[in-house]
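For reference, the structure discussed in these notes is given below.
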Amino acid sequence: MVASAKTVFNFCSGPAMLPAAVMHEAQDEFVNYHGLGVSIMEMSHRSPTFLSVLAQAEENLRQLLSIPSNYRVLFLQGGASAQFSAIPLNLAQPGSVAGYIDTGYWSQKAIDEARRYTDVQVIASNADDMSQGVCAEDYSVDQSLAYLHYTANETIDGIQFDHIPECGRVPLICDMSSCILSEPLDVTRFGLIYAGAQKNIGPAGLTVVIVRDDLLGFASQLTPKLLNYQVLAENHSMANTPPSYGIYLANLVFRWLLNQGGLAEMQAQNRDKAQILYQAIDASQLFYNYVHPGVRSQMNVPFFMEDHSQLERFLQEAENLGFLNLKGHRSRGGLRASIYNAMPREGVLALVQFLEKFENSYAR
Ligand SMILES: *Cc1c(COP(=O)(O)O)cnc(C)c1O
């Protein structure tokens, strides 16, 4: 199937496409929420109506991820990047050392920010060889570390852990911005999980944090109130006005995921979509992906062209046919297709057909 003029497939890495059914549902109640005559975004965040949306969002997320009762769920602002600061401010005690695994672009952002507040030990890094990742590598975790931080999926580099790192008693902290809700997860392995919403949850402006309650209460004196997990948890995400419309939309996405069959079903769909795309790229003489097959991302598929001179023509033809946002990150070049939960299988199949067609036209 080739995308017609009306069919558009949006492969943006973030803010990313949302499920079509969710967008229509939001549209239906955009101006007049449940007959109240106002939009959810025009309503007090302390109103019973919004409080019920917030409670549902938490409940649905807890159900999707089987989040145990000793974990708090926070709906915050500031993006994943604000958490780069909040994590060391809350969890690195004076004189302690924080451990980081460096798998690429976003890990390095987290490390750079942490260094402003704490001593950092990079316990493993693939800086010299992006193709391999360190995800499968052996590393030892000093049990005196304040915490161990890793990035489950490197959105830009297309590298993903296929397992949860072992770290003993050290609290494990994970940036799951671009893979949360793409597969089932054992939350009990983590001290804290965080994700900016705009990849796989909802619109930009919302950040989800899931934190084990024994980690609350250790923030350093200078921690801004709005980055202090204890304050945020005690106020149930309402230490100030929460991103109410983002929470509402996230709740629609959570419900959509539950209706799809939950995260086991999403995992099956995501594996299938990723396999279709990687297979096509690997079979191609023109396109290639250099990431080691064991650590390839299921969500973000970067790929390159043997003949760089064809890149602009490729992007132009793709856009004409409705394949949007296939350009790679500005720091890496090349191409990238992000295939989060909301990307339908037919979008991946159509893209694969276009890749083949483009390659054939190129060879001739
Ligand atoms: C997008 C992204 C970020 C940055 O998110 P912001 O919400 O823009 O701060 C951090 N980490 C990962 C893995 C990402 O994909």
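Order of listing sets the numbers, starting from 1, for every ligand and every atom in it. As a basis for the values below, the full set of heavy atoms in this structure was taken, side chains included, without hydrogen atoms, waters or symmetry mates.
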> Under 6.0 Å between the ring centres of Tyr229 and Tyr194?
Replying inline: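 For Tyr229 and Tyr194, the ring centres are not under 6.0 Å apart.
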>> Could you report the tightest heavy-atom contact between Arg62 and Tyr71, atom names first, then the distance?
In response: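 Distance-wise, the nearest heavy atoms are NH2-O, 2.7 Å.
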> Is there a donor in the side chain of Asn270 and an acceptor in the side chain of Ser182, or the other way round, less than 3.5 Å apart?
Replying inline: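 Looking only at side-chain atoms, Ser182 and Asn270 do not form any donor-acceptor pair under 3.5 Å.
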> Between Asn289 and Arg296, is any side-chain donor less than 3.5 angstrom from a side-chain acceptor?
Replying inline: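 Yes, Arg296 and Asn289 have a side-chain donor paired with an acceptor closer than 3.5 Å.
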> So among Ser107, Ser178, Ser177, which one has a side chain to side chain donor-acceptor pair (under 3.5 Å) with Thr151?
Replying inline: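 By the side chain to side chain donor-acceptor pair (under 3.5 Å) criterion, Thr151 pairs with just one of Ser107, Ser178, Ser177: Ser107.
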> Exactly which residues line ligand 1, taking a heavy atom under 4.0 Å from it as the test?
Replying inline: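 Correct list: Gly79, Ala80, Ser81, Phe84, Trp106, Thr151, Asn153, Thr155, Asp175, Ser177, Ser178, Gln198, Lys199.
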>> In terms of relative ring orientation, are Phe254 and Phe75 parallel, tilted or perpendicular, with 30° and 60° separating the classes?
In response: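 If you compare the ring of Phe254 with that of Phe75, the planes turn out tilted.
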